[in-house]
Amino acid sequence: MFTAYVVVVVVAAAANVAAAVADFVRAEWILANMTRYGIPHRWIHPLGAAKAAGAAGLLAGLAYPPIGIAAAAALLGYFVGAVGTVVRARCYGDLRYPGAFLVLAVAALALRLAA
């Protein structure tokens with residue numbers, strides 16, 4: 001069980017770091033999506049920082065489990081909000097993106113609690 005947790009954490013952390021980097025460099029496709037979803041562009045760096053902090057917390061949780069639990073729970077909340085934002089904007093074709101991150105956060109949390 002612990003091996004599965006480590007694999008999920010590494011994948012989730014890598015995905016969130018990649019997403020944070022895309023936010024920090026203000027990728028045009030992200031700004032376009034933010035416009036479609038009704039999210040102010042000034043939020044892009046704080047949202048990227050939240051993803052980066054979540055990734056760091058997941059990795060730190062490998063050494064100190066309470067941090068990993070908190071990070072996974074925070075990312076779960078973040079991506080529930082992201083899914084809700086996409087649904088509110090009626091951009092249903094985009095649900096697979098925040099949905100995949102949500103699944104990773106749920107898996108990291110569930111596996112940590114089960115390990």
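Since this is a predicted model, take the numbers as computed values, not measurements.
- For the pair I30 and R26, the minimum side-chain heavy-atom distance is 4.5 Å or more.
- The side-chain heavy atoms of K51 and F24, taken from C-beta on, include no pair separated by under 4.5 Å.
- Cluster membership check: L62 shares its hydrophobic cluster with L111, using side-chain heavy-atom separations under 4.5 Å among Ile, Leu, Val, Met, Phe, Trp and Tyr.
- Nearest approach of L58 to Y5, heavy atoms of both residues: O-OH, 4.3 Å.
- To the nearest 0.5 Å, the span separating CD on E28 from CG on N33 amounts to 10.5 Å.
- Heavy-atom neighbours of Y64 OH from other residues, nucleotides or ligands within 6.0 Å: at or below the threshold of 12.
- Taking CD1 of I67 as the reference point, atom CZ of R112 lies at 12.0 Å (rounded to 0.5 Å).
- Remark: M34 CE to T85 OG1 distance equals 10.0 Å, nearest 0.5 Å.
- Closest approach of L104 to A15, counting heavy atoms only: CD1-CB, 4.2 Å.
- When side chains are defined from C-beta on, P98 does not count as touching F101, because their heavy atoms never get closer than 4.5 Å.
- Residues V7 and I69 are members of separate hydrophobic clusters, defined by side-chain heavy-atom contacts under 4.5 angstrom among Ile, Leu, Val, Met, Phe, Trp and Tyr.
- Here the side chains of T35 and H41 are in contact, with some heavy-atom distance below 4.5 Å.
- In the hydrophobic clustering of ILVMFWY residues, with side-chain heavy atoms under 4.5 Å counting as a link, V10 and V106 come out together.
- The shortest non-hydrogen separation linking L102 to V83 is CD2-CG2, 4.1 Å.
- Side-chain N/O atoms of D94 and Y37 include a donor and acceptor closer than 3.5 Å.
- Minimum interatomic distance between R36 and A89 (heavy atoms only, all atoms of both residues): O-CB, 3.8 Å.
- When every heavy atom of A108 is checked against every heavy atom of V8, the shortest pair comes out as N-CG1, 3.6 Å.
- Residues V6 and L75 fall within the same hydrophobic cluster, defined by Ile, Leu, Val, Met, Phe, Trp and Tyr side chains chained together at heavy-atom separations under 4.5 Å.
- By the criterion of side-chain heavy atoms lying less than 4.5 angstrom apart, applied directly or through intervening Ile, Leu, Val, Met, Phe, Trp or Tyr residues, L95 is not grouped with V103; the two fall into different hydrophobic clusters.
- Atom CG of residue L31 and atom CD1 of residue I39 lie 11.0 Å apart, to the nearest 0.5 angstrom.
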(request) Given side-chain contact (heavy atoms from CB on, under 4.5 Å), test Y92 with V86 step by step and report yes or no. (result) CA-CA 7 Å; Y92 304 113; V86 172; over 6 Å; no

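- Nearest heavy-atom pair, N16 versus A55, reported as atom, atom and distance to 0.1 Å: CB-CB, 4.0 Å.
- Surrounding CZ of R90 are at most 12 heavy atoms belonging to other residues, nucleotides or ligands under 6.0 Å away.
- Rounding to the nearest 0.5 Å places CG of L109 at 6.5 Å from CG of L76.
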